[in-house]
Q: 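Structure incoming, see below.
The first residue of the sequence shown is numbered 1, and numbering continues consecutively from there. Since the structure is predicted, the reported quantities are computational estimates derived from the model, not experimental observations.
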Amino acid sequence: MPPHGGGMVKKMNIKLYLQFDGTDYCGWQIQSGRPTIQGELKDALLSITGETIMPEGCGRTDSGVHAKRYVCSFKTESNIPIERFPYALNSKLPDGIICIGAEYADAAFRANRSAVGKTYRYTIDNGAFADMFMRRYAWHYKFPIDIGLMRKAAEAFCGTHDFIGFAASGFSVKTTVRTIHSIRIEKHDSIITIDVTGSGFLYNMVRIIAGTLVYAGSGRIPAEEMPAIIASKCRERAGITAPAKGLCLEEVYY
């Protein structure tokens with residue numbers, strides 16, 4: 001553990017990596033009377049450090065959304081060795097949330113403000129019948145989907161655009177311009193995955209893109225019209241908002 005200076009206890013900035021199944025939680029951010037990832041982590045930190053700590057997350061997640069490698073940060077005076085932090089937290093965290101790593105971060109590091117990009121994966125179960133073991137983690141869409149049409153439509157999203165037409169209402173940001181670096185679509189047996197990497201995302205943006213690409217793949221929206229749909233900035237021209245359970249935060253970049 002880094003040494004403390006003089007007789008004063010120095011607060012250390014800690015970066016945590018979490019995995020969580022969002023099915024039973026109302027997203028990351030604390031909400032009164034509702035189970036959230038941030039709320040459970042705050043309680044666990046209080047239990048192991050004795051400090052009231054409000055961890056900062058790398059971004060909000062909707063109710064039911066999952067994470068494979070979620071990043072959060074906080075400052076603490078605790079003398080728990082950094083390599084023991086995950087073990088201590090996991091002894092207090094409930095089912096569905098697990099800490100998979102911890103490290104010291106620079107004093108200026110902020111899990112949200114320091115992030116420069118993220119990758120989300122959206123998973124679709126395209127079988128005739130829902131896979132029992134994918135029901136919590138994939139959108140069951142039983143109708144035929146043409147992967148070629150999905151990929152053609154996806155090309156229009158790459159680059160820097162105003163994505164106001166692919167955002168749900170109820171958000172507050174300075175600009176709705178975002179950059180998507182890549183969209184990769186794969187199919188293995190009946191499972192389709194859509195990996196979206198970008199500089200950042202608006203409220204429900206990835207879920208709306210996923211719903212729109214499924215509509216393009218099923219012929220409900222012409223793939224060749226996607227550039228015009230994006231340019232129109234009109235939410236009504238895009239597809240539906242895909243269910244939250246199919247979305248998982250895969251990686252955060254700093």
Side-chain angles (χ1 to χ4, degrees), residues 19-28 59-70 96 117-159 161 163 165-168 178 180-198 200-227 229-230 235-252:
Q19 288 184 343
F20 55 81
D21 178 335
T23 305
D24 300 322
Y25 297 96
C26 299
W28 162 262
R60 295 186 180 186
T61 58
D62 296 338
S63 296
V65 172
H66 317 291
K68 184 176 182 180
R69 194 171 173 83
Y70 188 92
K118 296 174 184 174
T119 293
Y120 281 93
R121 170 169 290 184
Y122 196 88
T123 302
I124 300 151
D125 176 2
N126 194 217
F129 303 99
D131 184 326
M132 174 63 69
F133 300 101
M134 293 292 292
R135 290 178 68 181
R136 292 166 68 98
Y137 311 109
W139 172 23
H140 180 230
Y141 188 90
K142 65 181 180 180
F143 306 104
I145 298 177
D146 186 321
I147 297 299
L149 289 177
M150 288 183 73
R151 289 172 174 161
K152 181 178 180 180
E155 293 174 1
F157 290 96
C158 294
H161 307 281
F163 284 103
F166 290 82
R178 296 290 186 273
I180 290 183
H181 303 303
S182 66
I183 297 182
R184 181 177 178 178
I185 302 170
E186 301 291 341
K187 184 174 184 179
H188 300 284
D189 297 324
S190 63
I191 301 300
I192 299 170
T193 56
I194 305 170
D195 290 351
V196 185
T197 299
F201 300 95
L202 302 172
Y203 182 43
N204 281 354
M205 179 174 158
V206 178
R207 290 169 57 193
I208 295 171
I209 288 175
T212 302
L213 291 177
V214 167
Y215 271 22
S218 58
R220 300 181 68 170
I221 295 178
E224 61 271 16
E225 291 186 10
M226 205 55 61
I229 292 172
I230 296 170
R235 175 67 187 91
E236 288 72 23
R237 293 190 64 182
I240 64 168
T241 303
K245 65 181 181 178
L247 187 62
C248 181
L249 174 62
E250 293 284 306
E251 190 66 78
V252 186

Q: I'd like to know whether the aromatic ring centres of Tyr120 and Tyr122 sit less than 6.0 Å apart in this structure.
A: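 So the answer is no for these two rings.
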Q: Taking the side chain as C-beta and beyond, is there a heavy-atom pair between Phe20 and Thr61 under 4.5 Å?
A: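 Touching, per the 4.5 Å side-chain cut-off.
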Q: Can you pull out every salt bridge (Lys or Arg N to Asp or Glu O under 4.0 Å) where at least one residue sits in residues 182-193? Sequence neighbours excluded, please.
A: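 Of all non-adjacent pairs touching residues 182-193, those that pass salt bridge (Lys or Arg N to Asp or Glu O under 4.0 Å) are Arg151-Glu186, Arg184-Glu186.
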Q: Is there side-chain contact between Ile192 and Ile185, with at least one heavy-atom pair below 4.5 Å?
A: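 Yes, their side chains come closer than 4.5 Å.
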Q: With sequence neighbours left out, write down each residue that passes side-chain contact (heavy atoms from CB on, under 4.5 Å) with Ile240, or none if nothing qualifies.
A: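 side-chain contact (heavy atoms from CB on, under 4.5 Å) check on Ile240 returns Trp139, Tyr215.
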Q: To the nearest 0.5 Å, how far apart are CZ in Phe201 and CD1 in Ile208?
A: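 Here the interatomic distance stands at 13.0 Å.
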Q: Please list, chain by chain and in numerical order, all residues satisfying side-chain contact (heavy atoms from CB on, under 4.5 Å) with Glu155, sequence neighbours excluded.
A: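 Applying side-chain contact (heavy atoms from CB on, under 4.5 Å) to Glu155 gives none.
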Q: So, taking the atom named CG in Asn126 and the one named CD1 in Ile191, what distance separates them when rounded to the nearest 0.5 Å?
A: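 Reported value, rounded in 0.5 Å steps: 8.5 Å.
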Q: Mind checking the CD-OH spacing from Glu250 to Tyr70? Nearest 0.5 Å is all I need.
A: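 Here the rounded value is 15.0 Å.
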Q: If you apply the rule side chain to side chain contact (heavy atoms under 4.5 Å, CB included), what do you find for Met134 with Thr123, and how did you get there?
A: CA-CA 9 Å; Met134 293 292 292; Thr123 302; 3.8 Å; yes
Q: Which heavy atom in Asp131 sits nearest to a heavy atom in Asp125, and how many Å separate them?
A: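 Nearest heavy atoms, Asp131 then Asp125: N-OD2, 2.8 Å.
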Q: Assess whether a salt bridge exists between Arg136 and Asp24, defined as any Lys/Arg side-chain N lying under 4.0 Å from an Asp/Glu carboxylate O.
A: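 Asp24 and Arg136: salt-bridged.
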Q: On a heavy-atom basis, which atom in Leu202 and which in Phe163 lie closest, and how many Å separate them?
A: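 That closest heavy-atom pairing would be CD1-O, 3.5 Å.
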Q: Once side-chain contact (heavy atoms from CB on, under 4.5 Å) is applied, do any residues pair with Tyr137, and if so which ones, sequence neighbours excluded?
A: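 Testing Tyr137 for side-chain contact (heavy atoms from CB on, under 4.5 Å), a comparison that skips the adjacent residues, returns Asp21, His66.
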Q: If you define the side chain from C-beta out and look only at heavy atoms, does anything of Ile209 sit under 4.5 Å from Ile180?
A: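 Heavy-atom side-chain distance check passes, below 4.5 Å.
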Q: Take Arg235 and Thr241 through the side chain to side chain donor-acceptor pair (under 3.5 Å) test and state the conclusion after the steps.
A: CA-CA 10 Å; Arg235 175 67 187 91; Thr241 303; 3.2 Å; yes
Q: Can you measure from CD1 (Ile230) to CZ (Phe166) and round to the nearest 0.5 angstrom?
A: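 Answer rounded to 0.5 Å: 5.0 Å.
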Q: Under the side-chain contact (heavy atoms from CB on, under 4.5 Å) test, which residues partner Ala153, sequence neighbours left out?
A: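 Ala153 satisfies side-chain contact (heavy atoms from CB on, under 4.5 Å) with Leu213, Ala216, Ala223, Met226 only.
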Q: What distance separates Cys248 SG from Gln19 CD, expressed to the nearest 0.5 Å?
A: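 Spacing of SG (Cys248) from CD (Gln19) equals 8.5 Å.
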Q: Applying salt bridge (Lys or Arg N to Asp or Glu O under 4.0 Å), which residue pairs with at least one partner in residues 204-222 are found, sequence neighbours left out?
A: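 Qualifying pairs, neighbours excluded: Asp62-Arg207.
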Q: Taking all non-hydrogen atoms of both residues, which atom of Cys26 and which atom of Ser63 are closest, and how far apart?
A: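 In this case the closest contact between Cys26 and Ser63 is CA-OG, 3.2 Å.
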Q: Rounded to the nearest 0.5 Å, what's the gap from CZ on Arg121 to CD on Glu251? Could you check?
A: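 These two atoms lie 12.0 Å from each other.
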